[in-house]
Amino acid sequence: MGYEEEYQAFMNAHLQARTGERLRRLQEGHDQAERLFLKQVWWPSFNHFRYLHPEYEVNDFRDGKRYLDFAYIRPAIRICFEVDGYGPHLNNISRWQFSDNLERQNQLVIDGWTVIRFSYDQVKEKPRRCQQIVQQVIGRWLGDELDQTSLSFGEKEVLRQAIQKGEAISPNEIERNLKLSDKTVKKVLSQLVEKKMLIPASGTKRIRAYRLGDQVKHPI
């Protein structure tokens, strides 16, 4: 399915699973900025919405409830993604509210969350840069998961390089970063292309760069 179909299925699944305040927050809090983040940042990065939770409820440090724009949750990883608008309400925010927002983020970090924040303008005007940041922060975890696969040591290290960069990577970069010979890098890249873990990003006869393939993007 394409983005629209996947998005509707994603939202319907979460709407059907919620009741009370959690349902109300999803209906009212999931607005233009959040939808734009999904369409311009998340979907182009991963082509699915698995493990992503919109308007995710967490316990407040004052024993109340807070809601995160998005939470990415898997074993050993919890990432909060927030999209902050810029409008008149920011000018009217009180000092107490400003401090409260900072305290909220600090408490999330103390509780083991990684917190990534974007402005609405970033998501709208610089989606590719936002994609890179999202891929890099999730790639830190995915890079560790590679240790559980049957890939060779060289294949794992090359994939880690591609994941951490978050965009197309050249053979020269891999040679320089891993201190490998040209021959070794070409061999490993060819193996990863055969396994559909990397695909050529530029060039035909002589490939100048590679990017992550669906075999890497989809499992996360």
Side-chain angles (χ1 to χ4, degrees), residues 1-3 5-7 10 37-53 70-81 112-118 122-123 126-220:
M1 292 190 293
Y3 168 77
E5 294 84 358
E6 287 282 3
Y7 171 75
F10 166 70
F37 172 80
L38 291 179
K39 186 172 185 178
Q40 294 206 164
V41 178
W42 191 271
W43 179 259
S45 297
F46 306 118
N47 296 319
H48 68 74
F49 300 114
R50 290 193 295 275
Y51 312 112
L52 192 66
H53 303 265
F70 296 100
Y72 179 82
I73 300 176
R74 297 201 64 175
I77 182 171
R78 293 190 298 176
I79 305 174
C80 162
F81 293 102
W113 288 84
T114 297
V115 180
I116 302 296
R117 308 188 73 148
F118 298 108
Q122 282 179 299
V123 172
K126 298 181 179 180
R128 182 59 190 137
R129 178 55 186 151
C130 296
Q131 291 169 24
Q132 291 169 358
I133 292 171
V134 169
Q135 290 171 331
Q136 287 167 353
V137 70
I138 291 180
R140 289 172 52 192
W141 175 86
L142 180 57
D144 293 337
E145 190 186 53
L146 290 174
D147 290 331
Q148 308 303 317
T149 70
S150 59
L151 297 173
S152 70
F153 176 79
E155 290 170 334
K156 292 176 185 176
E157 291 306 307
V158 169
L159 276 181
R160 283 194 178 96
Q161 291 290 312
I163 290 166
Q164 290 168 2
K165 186 173 183 186
E167 59 182 357
I169 189 168
S170 70
N172 287 339
E173 289 178 273
I174 296 170
E175 291 176 31
R176 183 172 63 252
N177 294 342
L178 299 181
K179 296 179 171 54
L180 296 174
S181 68
D182 174 71
K183 181 178 179 180
T184 298
V185 169
K186 286 181 178 178
K187 178 181 177 181
V188 173
L189 289 172
S190 176
Q191 292 167 340
L192 290 171
V193 169
E194 287 182 12
K195 295 176 180 179
K196 296 183 171 31
M197 290 190 161
L198 289 181
I199 57 177
S202 72
T204 51
K205 291 185 178 180
R206 182 177 179 181
I207 302 170
R208 295 185 294 275
Y210 296 79
R211 61 183 176 85
L212 296 175
D214 288 344
Q215 292 284 18
V216 176
K217 291 170 71 173
H218 286 178
I220 71 167

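Source: prediction; values computed, not measured. Values below: every heavy atom of this structure, side chains too, minus hydrogens, waters and symmetry copies.
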Are Phe10 and Trp43, when compared by the centres of their aromatic rings, separated by less than 6.0 Å? no
Check: His48 and Glu6 side chains under 4.5 Å, non-hydrogen atoms: no
If every non-hydrogen atom of Gly213 is compared with every non-hydrogen atom of Ile199, which pair is closest and at what distance? CA-CG2, 4.3 Å
May I have all residue pairs that pass salt bridge (charged side-chain N to carboxylate O under 4.0 Å, His left out) and include part of residues 168-182, sequence neighbours excluded? Lys165-Glu173, Asp182-Lys186
Any side-chain heavy atom of Ile73 sitting closer than 4.5 Å to one from Trp113? yes
Can any side-chain N or O of Gln161 pair as donor or acceptor with the backbone N or O of Ile174 at less than 3.5 Å? no
Using the side chain to side chain contact (heavy atoms under 4.5 Å, CB included) criterion, which residues pair with Lys39? Sequence neighbours excluded. Tyr3, Glu4
So, using salt bridge (charged side-chain N to carboxylate O under 4.0 Å, His left out) as the criterion, who are the partners of Arg117 when residues are at least two apart? Asp84
Is there side-chain contact between Arg128 and Val41, with at least one heavy-atom pair below 4.5 Å? no
Smallest separation among heavy atoms of Cys130 and Gln122, with atom names: SG-O, 3.6 Å
By side-chain hydrogen bond (donor to acceptor under 3.5 Å, both in side chains), Ser190 pairs with (sequence neighbours left out) none
Min side-chain heavy-atom separation Leu178-Val185 under 4.5 Å: no
Side-chain contact test, heavy atoms from C-beta onward, threshold under 4.5 Å: evaluate it for Leu151 versus Met197 and give yes or no. yes
As an exercise, state the distance from OH of Tyr72 to CD1 of Ile77, rounded to the nearest 0.5 Å. 6.0 Å
If you define the side chain from C-beta out and look only at heavy atoms, does anything of Ser202 sit under 4.5 Å from Tyr210? no
Quick one: pull up OH in Tyr7 and CG in Leu38 and give me the separation to the nearest 0.5 Å. 6.5 Å
Nearest-0.5 Å distance that lies between atom CG in Leu198 and atom CD in Glu155: 9.5 Å
Please answer whether the main-chain N or O of Gly154 pairs with a side-chain N or O of Glu157 as donor and acceptor at a distance below 3.5 Å. no
What pairs with Ile133 under side chain to side chain contact (heavy atoms under 4.5 Å, CB included), at least two apart in sequence or on another chain? Ile116, Phe118, Arg129
Can you confirm if the aromatic rings of Phe37 and Phe70 lie within a centre distance of less than 6.0 Å? yes
Measure the spacing between CZ of Phe46 and CG of Leu212 and express it to the nearest 0.5 Å. 9.5 Å
Under 3.5 Å: donor-acceptor pair, side chain of Glu5, backbone of Gly2: yes
Atom pair CD (Gln132) and OG (Ser45), whose distance is rounded to the nearest 0.5 Å: 9.0 Å
Please lay out, stage by stage, how Val137 and Phe81 fare under the test side-chain contact (heavy atoms from CB on, under 4.5 Å). CA-CA 11 Å; Val137 70; Phe81 293 102; 4.1 Å; yes
Does any non-hydrogen side-chain atom of Thr114 lie less than 4.5 Å from one of Cys80? no
Hits for side-chain hydrogen bond (donor to acceptor under 3.5 Å, both in side chains) against Thr184, two or more places apart or cross-chain, chain-then-number order -> Ser181
Between Arg211 and Ala168, the two heavy atoms sitting closest are CB-CA, 4.4 Å
